[in-house]
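Worksheet: the structure to be examined is printed underneath.
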Amino acid sequence: MFITLEGSEGAGKSTLIEHLKKYFLKRNIDFIFTKEPGGTDEGIEFRKILLDNNIELDPLSETFLLLADRIEHVRKIINPALELNKNVLSDRYLDSTYAYQGAGRKINKDKLDKLIKPLKFPEPDLTIYLDLPVEEGLKRAKGRDSLDRFEKEEIDFFKRIRDSYLKLAEENPSRIFTIDSANGENEVFESAKDCIEKKLNES
Ligand code: TYD
């Protein structure tokens with residue numbers, strides 16, 4: 001089972017992951033938790049460049065770095081785990097590229113498709129999208145330490161990203177499950193856990 005978790009800044013992905021890790025450990029359900037960018041040793045190097053505030057990147061260079069990160073991640077972590085029938089949960093994956101580079105950086109969808117489709121990345125069985133109004137998310141994110149290369153973008157960038165996620169969810173109702181992140185961490189966890197367990201029982 002391949003599950004991905006999506007959401008924009010401050011939506012509560014990290015908190016949800018901590019809850020899910022504890023829950024699956026307690027229930028003895030084996031899950032590999034991983035993330036993008038930076039799910040492999042090589043990816044950690046790509047991630048440093050991608051998040052570095054002092055580096056200015058063309059949107060296409062940014063996209064190529066993210067795709068290089070994903071190629072390594074899929075080849076070294078995701079595919080080997082799926083081949084062994086293991087459960088994988090990735091913090092961000094393909095939808096992030098359509099939301100951030102597509103809508104956020106304004107790379108046309110056909111162009112992105114042409115870059116991405118030939119790479120034959122596996123499709124997630126389930127994607128959990130944590131939705132939160134942009135102002136609320138940025139308020140939460142800005143309470144943290146220094147801002148990275150994405151977090152320092154202006155508010156319209158994040159509004160385009162949220163609209164894009166909502167559109168992706170509307171277009172892929174059987175794959176993407178949306179959770180209202182304003183509900184508070186316990187409710188968000190309960191919804192995510194129920195949705196994942198239902199999917200595990202179906203498979
Ligand atoms: P990270 O610190 O992991 O942030 P978050 O907690 O929000 O997941 O930083 C990852 C950043 O990379 C995040 O701002 C979104 C961005 N990103 C893209 O722009 N495109 C992508 O395809 C991926 C995977 C991530």
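Keep in mind that what you see is a predicted model, and the values were worked out from it rather than measured. Below, all heavy atoms of this structure are taken into account, side chains as well, without hydrogens, waters or symmetry copies. Counting convention: from 1, in listed order, for ligands and their atoms alike.
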Check your understanding: Which residue supplies the protein heavy atom nearest to atom 14 (O) of ligand 1, what is that atom called, and how far is it?
Key -> E9 OE2, 3.2 Å
Exercise for review: Determine whether the side chains of E6 and Y165 contain a donor N or O and an acceptor N or O closer than 3.5 Å.
Suggested key: yes
Practice item. In plain terms, say whether E197 and R27 are close enough for a salt bridge, that is, a side-chain N and a carboxylate O under 4.0 Å apart. Key: yes
Revision key, fill the gap. The closest protein heavy-atom partner of atom 6 (O) of ligand 1 is K13 NZ, 3.9 Å
**Study point:** Note: E171-K167 ion pair, threshold 4.0 Å (strictly below)
**Key:** yes
Practice item. Just need the protein heavy atom nearest to atom 10 (C) of ligand 1, so name the residue and atom and give the distance. Key: P37 CD, 3.7 Å
Review point. Heavy atom under 4.0 Å from ligand 1: found in R70's side chain, backbone, both, or neither?
Key: side chain
Check your understanding: Taking atom types as modelled and ignoring hydrogens, do the side chains of T97 and R92 form a donor-acceptor contact shorter than 3.5 angstrom?
Key -> no
Check your understanding: Do other residues, nucleotides or ligands put more than 12 heavy atoms under 6.0 Å from K152 NZ?
Key -> yes
Study note, to complete from the structure: Closest to atom 20 (N) of ligand 1 among protein heavy atoms sits Q101 OE1, 2.8 Å
Exercise for review: May I ask you to identify the nearest protein heavy atom to atom 2 (O) of ligand 1, giving residue, atom name and distance to one decimal place in Å?
Suggested key: R47 NH2, 3.0 Å
Exercise for review: Give the contacting part of T97 toward ligand 1: side chain, backbone, both or neither, where contact means a heavy-atom distance below 4.0 Å.
Suggested key: both
**Study point:** For atom 9 (O) of ligand 1, closest protein heavy-atom neighbour
**Key:** L51 CD2, 3.8 Å
Study note, to complete from the structure: The closest protein heavy-atom partner of atom 7 (O) of ligand 1 is R92 NH2, 2.8 Å
Exercise for review: Assess the side chains of S90 and T4: does a donor N or O sit below 3.5 Å from an acceptor N or O?
Suggested key: no
Check your understanding: In the protein, which heavy atom is nearest to atom 17 (N) of ligand 1, and how far is it?
Key -> L66 CD2, 4.2 Å
Practice item. Identify whether the distance between the nearest side-chain nitrogen and carboxylate oxygen of K159 and E135 falls below 4.0 Å. Key: yes
